[in-house]
A.B. asks: 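Okay, here's the structure, questions in a sec.
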Amino acid sequence: MDMTQRPRRLRYGASLRKMVRETRMDKSALIYPAFVMEGENQREEIPSMEGQYRYTVDQLMYKIEELLNAGVDKVMLFGIPDHKDEWGSGAYDENGIVQKGFRAIKERFPEMYCIGDVCMCEYTSHGHCGILNGQEVDNDRTLDYLARTALSQVEAGADMVAPSDMMDGRVAAIRKLLDANGHQNTPIMSYAVKYASAFYGPFREAAGSAPSFGDRKSYQMDYHNRREGVKEALLDIEEGADILMVKPAMAFGDVIRELKETTHVPIAAYNVSGEYAMVKAAAGQGFVDETAILCEIAVSAFRAGADIYLTYFAEELARCMDKGYIG
Ligand code: PBG
């Protein structure tokens with residue numbers, strides 16, 4: 001056979017394959033999302049997210065230690081308050097659950113990088129991501145609450161804040177209040193391109209944050225749209241976002257790639273609760289190989305252009321990197 005080009009030449013042997021790999025990543029890119037609740041000495045498994053728990057602050061410390069031992073040194077906290085009200089006051093309370101979580105982590109494990117998810121939906125009685133005016137989320141009124149939430153998280157020890165509410169202008173409002181309080185070096189990772197998605201179902205069960213009426217389609221994006229994602233991304237950069245996130249990850253690789261090419265900031269991808277639940281369910285039935293599939297899904301996000309990956313599988317991925325399955 002007269003054939004000069006033989007792509008298979010570079011596929012013989014693990015060592016050669018690894019040398020010519022196009023996508024490389026390491027544990028420093030991983031962020032683990034954790035749920036923290038009021039109480040003591042408890043951890044509750046989340047029914048739709050096998051292997052994931054809601055932790056009381058003391059129990060969370062064991063999880064943090066485990067993450068650090070696995071080489072995962074970044075965590076994002078979601079709070080599950082005891083009381084919810086119309087104004088989501090637990091979100092910006094200096095003794096709110098997330099604030100207590102950050103203080104405890106920073107006291108025991110200062111090397112753990114802490115990120116605050118900034119949103120109202122876990123704290124409002126109606127489950128929407130902002131303050132209501134009748135049946136509508138009042139965008140402009142909500143901004144002040146979000147900024148106060150971000151500031152209280154930073155004052156409790158968060159190293160970075162990540163607004164996930166999708167209100168217009170929230171990055172600017174947060175940046176302004178953080179700066180006015182001397183936190184000009186605290187980065188903002190904006191959930192810039194967040195779609196209204198059924199993939200968040202298990203999270204809403206975990207956090208009890210499903211909206212009590214209506215849906216989030218007037219603030220989260222329509223998943224038919226990619227160019228609108230660029231618009232959101234560019235606006236957030238103008239407002240002061242340091243890192244942009246695309247969410248969900250698995251079904252939105254094209255959006256990750258688009259942002260990578262149209263912006264110059266680091267891009268994060270969030271492998272959300274529904275993606276986790278689907279892998280767990282299929283693997284639990286023996287239909288797919290869990291480890292193999294979570295590696296493949298993670299690499300797909302990095303290949304699409306993600307620099308940072310938020311995932312409930314962070315610890316498992318770190319182990320897969322140690323074993324050389326991926327990386
Ligand atoms: C808060 C928020 C949500 C998620 C992250 N931040 C839920 C939502 O928007 O309804 C979802 C994360 C996941 O599904 O893992 N707004």
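Both ligands and their constituent atoms are indexed starting at 1 by order of listing. Positions are given from 1 along the sequence.
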A.B. asks: Should E275 be listed as contacting ligand 1, given a heavy-atom distance under 4.0 Å as the test?
C.D. replies: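 Flag not set, E275 not near ligand 1.
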
A.B. asks: Under 4.0 Å from any heavy atom of C121, which atoms of ligand 1 are there?
C.D. replies: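 In order of numbering, the contacting atoms are 1 (C), 16 (N).
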
A.B. asks: Can you list the ligand 1 atoms lying under 4.0 Å from a non-hydrogen atom of Y270?
C.D. replies: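 Selected atoms, number and element: 12 (C), 15 (O).
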
A.B. asks: To the closest 0.5 Å, what do you measure between CG (D179) and NZ (K176)?
C.D. replies: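 These two atoms lie 10.5 Å from each other.
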
A.B. asks: Give the atom numbers and elements of ligand 1 that come within less than 4.0 Å of a heavy atom of R216.
C.D. replies: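 Those atoms are 8 (C), 9 (O), 10 (O).
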
A.B. asks: Checking a contact table here: which protein heavy atom is nearest atom 14 (O) of ligand 1, and how many Å away?
C.D. replies: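 Protein heavy atom at minimum distance: S273 OG, 2.7 Å.
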
A.B. asks: Using a strict 4.0 Å cut-off to heavy atoms of K247, name the atoms of ligand 1 that fall inside it.
C.D. replies: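 Listed by number with element: 2 (C), 3 (C), 4 (C), 5 (C), 6 (N), 11 (C), 12 (C).
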
A.B. asks: With heavy-atom distances below 4.0 Å as the criterion, list the atoms of ligand 1 near S164.
C.D. replies: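 Answer for ligand 1: 1 (C), 2 (C), 6 (N), 16 (N).
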
A.B. asks: Is the shortest side-chain N to carboxylate O distance from D307 to K260 below 4.0 Å?
C.D. replies: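 Salt bridge present between D307 and K260.
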
A.B. asks: Roughly how far apart are R257 CZ and I267 CD1, rounded to 0.5 Å?
C.D. replies: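 Reported to 0.5 Å precision, the distance equals 10.0 Å.
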
A.B. asks: Considering the heavy atoms of Y312, write down every atom of ligand 1 situated less than 4.0 Å from one of them.
C.D. replies: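 Taking each heavy atom of Y312 in turn, ligand 1 has 12 (C), 13 (C), 15 (O) under 4.0 Å.
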
A.B. asks: Applying a 4.0 Å heavy-atom criterion (strictly less than), which segment of F78 is in contact with ligand 1: side chain, backbone, both, or neither?
C.D. replies: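 Under 4.0 Å from ligand 1, F78 contributes side-chain atoms alone.
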
A.B. asks: When you measure from the centre of the six-membered ring of Y312, is the NZ or CZ of K280 closer than 6.0 Å and no more than 45° off the axis?
C.D. replies: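 Output no; distance or angle outside limits.
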
A.B. asks: Identify the protein heavy atom lying closest to atom 12 (C) of ligand 1, giving its residue, its atom name and the separation to 0.1 Å.
C.D. replies: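 Residue, atom and distance for the closest contact: F203 CD1, 3.4 Å.
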
A.B. asks: On the six-membered ring of Y219, is R216 placed so that its NZ or CZ lies under 6.0 angstrom from the centre and within 45° of the ring axis?
C.D. replies: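 Geometry flag: not set, cation outside 6.0 Å or 45°.
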
A.B. asks: Taking only Lys NZ, Arg NE, NH1 and NH2, and the carboxylate oxygens of Asp or Glu, determine whether E228 and K231 approach each other closer than 4.0 Å.
C.D. replies: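 Looking at K231 together with E228, the answer is no, because their closest N to O distance does not fall below 4.0 Å.
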
A.B. asks: Quick one: which of V98, V161, I188 gives a side chain to side chain contact (heavy atoms under 4.5 Å, CB included) with V118?
C.D. replies: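 The passing option is V161.
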
A.B. asks: Numbering the atoms of ligand 1 from 1, which are under 4.0 Å from a heavy atom of K194?
C.D. replies: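 Once the distances to K194 are compared, the set is 1 (C), 2 (C), 3 (C), 6 (N), 8 (C), 9 (O), 16 (N).
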
A.B. asks: Among all protein heavy atoms, pick the one closest to atom 10 (O) of ligand 1 and tell me residue, atom and distance.
C.D. replies: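 Result: R204 NE, 2.6 Å.
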
A.B. asks: Tell me, please, which residues at least two apart from Q99 pass side-chain hydrogen bond (donor to acceptor under 3.5 Å, both in side chains).
C.D. replies: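 Partners of Q99 by the side-chain hydrogen bond (donor to acceptor under 3.5 Å, both in side chains) criterion, ordered by chain and then number, come out as S152.
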
A.B. asks: State plainly whether the residues K27 and D322 are in salt-bridge range, i.e. N to O under 4.0 Å.
C.D. replies: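 Looking at D322 together with K27, the answer is yes, because their closest N to O distance falls below 4.0 Å.
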
A.B. asks: Just heavy atoms, cut-off under 4.0 Å: does D165 contact ligand 1 by side chain, backbone, both, or neither?
C.D. replies: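 D165 to ligand 1: no contact under 4.0 Å from either part.
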
